[in-house]
2 protein chains.
Amino acid sequence: MARLPVYLRALTTLSEAGTTVCSSEDLAAAAGVNSAKLRKDLSYLGSYGTRGVGYDVDYLRYQIAREMGATRDWPVVIVGIGNLGHALANYSGFRSRGFRVVALLDADGQRHGEVVAGVVVRPFSDLRAIVREHGVAIGVIATPAAAAQDVADQMVDAGISSILNFAPTVLNVGAEIAVSKVDLSKELQVLAYHEQRKATQETA
Amino acid sequence: MARLPVYLRALTTLSEAGTTVCSSEDLAAAAGVNSAKLRKDLSYLGSYGTRGVGYDVDYLRYQIAREMGATRDWPVVIVGIGNLGHALANYSGFRSRGFRVVALLDADGQRHGEVVAGVVVRPFSDLRAIVREHGVAIGVIATPAAAAQDVADQMVDAGISSILNFAPTVLNVGAEIAVSKVDLSKELQVLAYHEQRKATQETA
DNA sequence: CTCGTTTTGTTCTCGCGTTCACAAACTCCT
DNA sequence: AGGAGTTTGTGAACGCGAGAACAAAACGAG
Ligand SMILES: NC(=O)c1ccc[n+]([C@@H]2O[C@H](COP(=O)([O-])OP(=O)(O)OC[C@H]3O[C@@H](n4cnc5c(N)ncnc54)[C@H](O)[C@@H]3O)[C@@H](O)[C@H]2O)c1
Ligand SMILES: NC(=O)c1ccc[n+]([C@@H]2O[C@H](COP(=O)([O-])OP(=O)(O)OC[C@H]3O[C@@H](n4cnc5c(N)ncnc54)[C@H](O)[C@@H]3O)[C@@H](O)[C@H]2O)c1
């Protein structure tokens, strides 16, 4: 159900535009998917639409948010406050979707005490205490690749059970830990691959 | 073939570790995939392995790089030099994988002239000239969501044919334009969904 | 030279997700 | 009230990718 966030965002956009009711066609167009797929996805959550009418935007939005766990606040820690870590800490889109950055951690002593987006950078060794104090379940890794596995191990050890990894490494963790990897170079390389194919096809 | 970049990275790691030959099992483990899937993927490119022996790491690496278009340099423009744009411009992983940031563009006049990672920030209106001058095919959008569609339209108009979009919007562009969307909030929301499910299962 | 071992390349099957298509259900108009 | 028009929810077919399994090929030992 990786599409629910997309639907949620589309519903929010519609709601802000003043729409109160929408058909599956409308919503599917806004989310960029097929309308049949959208209806099937929604049917897994329950019957929240009205036949012949459509879906109540705000009601459906609430239901999806509830299903996704977006009605509560999720505390998050970010480890590695370099270029990327700064950008993430400053990103308002996290906060507005229910993610609260409770701590910024870095191994580099030079960075300790620096305040980013209203949160002070602390030593990485504080991880365990912070996780326990705030009940953190989600950790973000924005360190260099070489440090990522070690950071992940310590996160798991401290009690974190979901990891968002920006470092270009495959993390070895237990199957009970959910890991999501974002690899920006990969995205660009896929685009370059398409460009490459376009170019070779034209010459052929 | 979105897995080729992962294989390429795994091969690079193996090569740096001094490995000259590897089996599909080894490489699959390093890339985090099934070995049968890996062999099938590689077989689409050609027969670059030796039965009973394995794959020559450097040779295979070159073949994958060639197939992906990673043997040449790809000029890239980044539009929207805010938090995220700064991080992307400073990211060394792009350069090392054959992507050269030839221009940083922003609509905000305050930012013009600022130098980020050795590249000066220029007005967005320079887009067309830069694309023509450097033969840019790939553009990165790191502007707020509200501006993303407009930026995309102008990119396409200027001749860009592949777009990497970080703004949380569905872009409407022609089918001949390749668009890759990275939605960091979505990743976190999927993780939160898993946490949510774990929690509700435990209580049940 | 032959046989056993290793590992690739490929075929085949299975399962999942996507999409089509249609009945059920609701609204509105007459 | 009844029928026409709309839109949801879902059953069924389709297609595609993943994984298991095996035959073909290379290598080395005897
Ligand atoms: N900058 C980007 O746009 C970008 C894009 C894609 C991927 N990445 C990846 O994200 C990661 C970070 O990139 P960056 O540009 O921010 O790098 P960076 O060098 O600017 O920042 C890394 C930070 O991690 C800290 N660190 C190092 N080891 C640590 C450890 N063991 N524990 C805690 N903190 C530690 C460093 O002190 C530093 O502050 C890299 O793996 C990079 O490949 C970055
Ligand atoms: N910061 C993050 O970590 C992060 C994470 C995920 C997604 N995003 C998304 O990336 C985008 C940028 O985020 P940010 O934090 O860097 O925002 P930001 O506000 O710091 O930067 C946006 C930049 O875009 C420029 N801009 C605005 N309109 C423009 C236009 N029409 N043409 C050219 N430039 C224009 C602004 O001048 C500004 O410099 C947003 O859409 C955000 O949702 C950011």
Side-chain angles (χ1 to χ4, degrees), chain A residues 1-8 10-11 14-15 19-64 66-68 170 175 178-181 186 190 193-194 197, chain B residues 1-8 10-11 14-15 19-64 67-68 170 175 181 186 190 193-194 197:
Chain A
M1 298 302 160
R3 286 185 296 271
L4 290 184
V6 181
Y7 301 159
L8 198 55
L11 284 169
L14 287 174
S15 179
T19 314
T20 62
V21 174
C22 73
S23 71
S24 62
E25 292 284 350
D26 299 338
L27 185 52
V33 299
N34 184 296
S35 69
K37 176 153 60 174
L38 177 106
R39 287 202 301 277
K40 180 151 278 195
D41 285 345
L42 295 184
S43 75
Y44 284 110
L45 313 182
S47 286
Y48 297 128
T50 311
R51 301 183 182 202
V53 180
Y55 298 94
D56 182 293
V57 173
D58 286 328
Y59 180 58
L60 181 59
R61 187 154 67 117
Y62 171 75
Q63 294 297 342
I64 293 181
R66 189 175 53 80
E67 179 76 13
M68 284 181 24
V170 177
V179 175
S180 180
K181 183 180 160 193
K186 189 180 99 177
V190 171
Y193 174 75
H194 284 112
R197 273 175 53 97
Chain B
M1 297 300 161
R3 287 185 296 271
L4 289 185
V6 181
Y7 300 158
L8 198 55
L11 283 170
L14 286 175
S15 178
T19 314
T20 62
V21 174
C22 72
S23 70
S24 61
E25 293 283 350
D26 300 336
L27 185 52
V33 301
N34 183 295
S35 69
K37 177 154 58 174
L38 176 105
R39 287 202 301 277
K40 179 166 282 195
D41 286 345
L42 295 185
S43 74
Y44 283 110
L45 313 182
S47 287
Y48 297 129
T50 311
R51 301 184 182 201
V53 180
Y55 299 92
D56 182 291
V57 173
D58 287 327
Y59 180 57
L60 181 59
R61 187 155 65 118
Y62 171 74
Q63 292 298 341
I64 294 182
E67 179 77 14
M68 284 179 26
V170 177
K181 183 179 159 192
K186 188 180 100 178
V190 171
Y193 174 76
H194 284 111
R197 274 176 52 100

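Worth saying up front: this structure is predicted, and the values here are computed from it rather than measured. Residue numbers begin at 1 in each chain, while the letters A, B, ... track the order of the sequences.
Listed by chain and number, the residues in a side-chain hydrogen bond (donor to acceptor under 3.5 Å, both in side chains) with A:Arg3 are A:Tyr7, A:Asp41 (sequence neighbours excluded). Applying the ring-ring contact (aromatic ring centres under 6.0 Å, His included) rule to A:Tyr62 yields no partners; only residues at least two apart in sequence or on another chain are considered.
In this structure, A:Leu27 and A:Leu60 have side chains that are in contact, with non-hydrogen atoms separated by less than 4.5 Å. Between B:Gln63 and B:Leu45, the closest side-chain pair of non-hydrogen atoms is not below 4.5 Å. Between A:Met1 and A:Tyr44, some side-chain heavy-atom pair lies under the 4.5 Å cut-off. With contacts defined as side-chain heavy-atom distances shorter than 4.5 Å, the pair A:Thr19/A:Asp26 does not qualify. With contacts defined as side-chain heavy-atom distances shorter than 4.5 Å, the pair A:Leu42/A:Ile64 qualifies.
Considering all non-hydrogen atoms of both residues, B:Val190 and A:Ala2 come closest at CG2-CA, 4.1 Å. Nearest heavy atom pair, residue B:Ser35 against residue B:Glu25, reads OG-OE2, 3.4 Å. Between B:Ala31 and A:Val170, the closest heavy-atom pair is O-CG2, 3.8 Å.
Among the protein residues, B:Tyr44 comes within range of no part of the nucleic acid, since none of its heavy atoms lies under 4.0 Å from any strand.
With B:Arg61 as reference, B:Leu11 is the one residue of B:Leu11, B:Asp56, B:Leu14 to meet the side chain to side chain contact (heavy atoms under 4.5 Å, CB included) rule. A side chain to side chain donor-acceptor pair (under 3.5 Å) with B:Ser24 holds for exactly one of B:Lys40, B:Lys37, B:Arg39; it is B:Arg39.
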Identify all pairs in which a protein N or O lies below 3.5 Å from an N or O of nucleotides 22-30 of chain D, and state each distance.
from, atom 1, to, atom 2, distance (Å)
D:dA24, N3, B:Arg51, NH1, 2.8

Could I get a table of every N or O pair under 3.5 Å where one atom is in the protein and the other is in nucleotides 12-17 of chain D?
from, atom 1, to, atom 2, distance (Å)
D:dA12, N6, A:Lys40, NZ, 3.1

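Surrounding NZ of A:Lys186 are at most 12 heavy atoms belonging to other residues, nucleotides or ligands under 6.0 Å away.
A heavy atom lying under 4.0 Å from DNA chain D marks the following residues of residues 19-31 of chain A, by number: A:Ser23, A:Ser24.
Here chain B contacts DNA chain C (any atom closer than 4.0 Å to a heavy atom, that is under 4.0 Å), and the contacts span C:dT6 to C:dC12 from 5' to 3'.
In this structure, the CG atom of B:Asp41 is 12 Å from the C1' atom of D:dG19, given to the nearest Å.
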